[in-house]
Number of protein chains: 2
Amino acid sequence: MKTFSKNQLERYPFYLKYFKELQKEGVETISSPKIAKVLGYSEEQIRKDLQAISNEPGRPKKGRSVEKLIDTLETFLGYRDTTTAVIIGCGHLGQALLNYPNFQEMGLAVVGGFDTNPDLIGKEINGKSIHAMSELGEVALAQKVKVAIITVPAQYAQEAIDEAVQAGIHGIWNFAPTHVTVPYHIVIENFNFSSSLAVLIHRLYDGR
Amino acid sequence: MKTFSKNQLERYPFYLKYFKELQKEGVETISSPKIAKVLGYSEEQIRKDLQAISNEPGRPKKGRSVEKLIDTLETFLGYRDTTTAVIIGCGHLGQALLNYPNFQEMGLAVVGGFDTNPDLIGKEINGKSIHAMSELGEVALAQKVKVAIITVPAQYAQEAIDEAVQAGIHGIWNFAPTHVTVPYHIVIENFNFSSSLAVLIHRLYDGR
């Protein structure tokens, strides 16, 4: 089986966005040099990236079919499937995510939120109910929840993740800015302000 | 000058978080094998990462001083300096970031928000005013703004970034889920749900 680096996986949604823009403009084929110019990746990297998810070679003169590329990318990224998710922690960030309009097109169906705050429990945000944490196991089982999005304050992240794992949820998308541990069979992706900010600030002051 | 990969830069905040936890527990020294066990990086990687920002070698028996590591990391990450930032786009996500309590300790001072919505302009969130976009140049100059955090809808991202660049802001932290372009002297870091989700979903269904 092919293996994909984290950096490589992170590039695919950018290809998809760009190809969808092209499709909207009526463009039917695209070449690696053109993609390189717009997205800023090297031509070699682009060929490698696209080859890794498609069997169809680019034709040097005509380029690749935009429609087929979109099809391949959407399938590869799971946008054609539905992955059920819940949000644990319905403060500012959790509520912003309950309202976020683009998860659906990415194949992520957020079915509800969870919190321990009695003022929030029972509320509806964007048509999604906020449940008590004690109902997590029940909801996860009934709705076949695959992903828990963790938006609790840092000090509660480990506890929230432990409860998600106990509820049978296998994918953790951790927005809490802290280090956490999970059992080996659990998939965790940290979506971390501080890591992204570290890259920005370092580049901004590079050479100071 | 040393160069740092994106992955490497992204790891440093995790080291810092962990060392701060150790400090809170009264732990004075730490060894690479122990760090490896907790953070899940290889010992070799840890030695390389820490060596790259510090001149002090780890002593095989005693390990490294936690206090000195924290000092080195905070300085390297710019947490001891102040970088002034504004938020462009004060919808759900922008407001969540105006309320986010941890930017200050990362050296990022968010001084205000900007929006085009008349219902939002003039409002205060977490003590920070929301200004009209037309005031961006003036505020950026007066407050020496270094970073614009872009939280507008995808279709307005390029326009918002162009205005930030025109206002003399050199660092763009783009939260909008779309591809954008900036002049070569501008530093941009994309903080992108879809890229992070791509990594999670791929790992979750790996081998399907």
Side-chain angles (χ1 to χ4, degrees), chain A residues 1 4 6-7 9-14 16-18 21 38-40 76-78 81 83 91-93 95-103 106-108 146-147 153-154 170-173 177-179 181 187-207, chain B residues 1 4 6-7 9-14 16-18 21 38-40 76-78 81 83 91-93 95-103 106-108 146-147 153-154 170-173 177-179 181 187-207:
Chain A
M1 210 183 70
F4 294 87
K6 188 174 155 79
N7 283 340
L9 290 168
E10 286 179 348
R11 283 192 294 273
Y12 287 121
F14 284 93
L16 180 58
K17 276 274 165 193
Y18 174 49
E21 280 167 32
V38 174
L39 294 187
F76 175 76
L77 289 170
D81 303 320
T83 299
H92 292 294
L93 182 59
Q95 292 192 22
L97 294 184
L98 282 168
N99 276 302
Y100 188 64
N102 296 117
F103 283 141
M106 299 177 192
L108 198 70
K146 293 276 201 310
V147 170
H170 279 73
I172 304 292
W173 201 9
T178 189
H179 168 71
T181 54
V187 175
I188 184 164
E189 163 72 4
N190 289 295
F191 187 58
N192 198 290
F193 288 151
S194 57
S195 287
S196 180
L197 186 62
V199 175
L200 178 70
I201 294 296
H202 179 76
R203 289 184 182 157
L204 196 57
Y205 295 114
D206 204 9
Chain B
M1 210 181 73
F4 294 87
K6 191 174 151 80
N7 283 341
L9 289 169
E10 287 178 351
R11 283 192 294 273
Y12 287 121
F14 285 93
L16 180 58
K17 276 274 167 196
Y18 174 49
E21 280 167 32
V38 173
L39 294 187
F76 175 75
L77 289 169
D81 303 321
T83 299
H92 292 295
L93 182 57
Q95 291 191 22
L97 294 185
L98 282 168
N99 276 302
Y100 188 64
N102 296 116
F103 284 141
M106 298 176 192
L108 198 71
K146 292 278 203 307
V147 170
H170 280 74
I172 304 291
W173 200 10
T178 189
H179 167 71
T181 54
V187 174
I188 185 163
E189 163 72 5
N190 289 294
F191 187 58
N192 199 291
F193 287 153
S194 56
S195 287
S196 180
L197 186 62
V199 176
L200 177 70
I201 294 295
H202 180 76
R203 290 185 183 157
L204 197 56
Y205 294 115
D206 204 12

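Values below: every heavy atom of this structure, side chains too, minus hydrogens, waters and symmetry copies.
- When all heavy atoms are compared, the tightest approach of A:R203 to B:V187 is CB-CG1, 3.5 Å.
- Per-residue heavy-atom pair counts under 4.5 Å with chain A were compared for B:G171, B:S194, B:A96, B:G107, and the maximum is reached by B:S194.
- Between B:I201 atom CD1 and A:E189 atom CD the span is 10.5 Å, to the nearest 0.5 Å.
- For the atom pair CG (B:L9) and CG (A:L197), the distance works out to 11.0 Å, reported to the nearest 0.5 Å.
- Distance check: B:Y205 OH to A:F76 CZ gives 14.0 Å after rounding to the nearest 0.5 Å.
- Only the side chain of B:T181 comes within contact range of chain A, with heavy atoms under 4.5 Å apart.
- To the nearest 0.5 Å, atom CG of residue A:L200 and atom CD1 of residue B:I172 are 9.0 Å apart.
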Residues B:L77, A:H202; criterion side chain to side chain contact (heavy atoms under 4.5 Å, CB included); working and verdict:
CA-CA 7 Å; B:L77 289 169; A:H202 179 76; over 6 Å; no
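- Relative orientation of the B:F191 and A:F193 rings is tilted, given thresholds of 30° and 60° on the angle between their planes.
- Residue B:Q95: no heavy atom, backbone or side chain, is found under 4.5 Å from chain A.
- With a 4.5 Å cut-off on non-hydrogen atoms, B:N7 touches chain A through its side chain but not through its backbone.
- Residue A:S195 holds its OG atom at 4.5 Å from CZ of B:F14, rounded to the nearest 0.5 Å.
- When heavy atoms are compared at a cutoff of 4.5 Å, B:Y18 does not approach chain A at all.
- The CG atom of B:N192 sits 13.5 Å away from atom CZ of A:R11, with the distance rounded to the nearest 0.5 Å.
- When heavy atoms are compared at a cutoff of 4.5 Å, B:Y100 approaches chain A solely by way of its side chain, counted from C-beta outward.
- Only the side chain of B:V147 comes within less than 4.5 Å of a heavy atom in chain A; its backbone stays farther off.
- Interface remark: B:I188 contributes backbone atoms only to the contact with chain A (heavy atom separation under 4.5 Å).
- The contact between B:K6 and chain A is made by backbone and side chain atoms together, counting heavy-atom distances below 4.5 Å.
- Ranking B:N99, B:L93, B:T83, B:L97 against chain A, the residue ahead of the rest is B:N99, based on heavy-atom pairs under 4.5 Å.
- Interface remark: of the candidates B:L16, B:N102, B:N190, B:N190 forms the most heavy-atom pairs closer than 4.5 Å to chain A.
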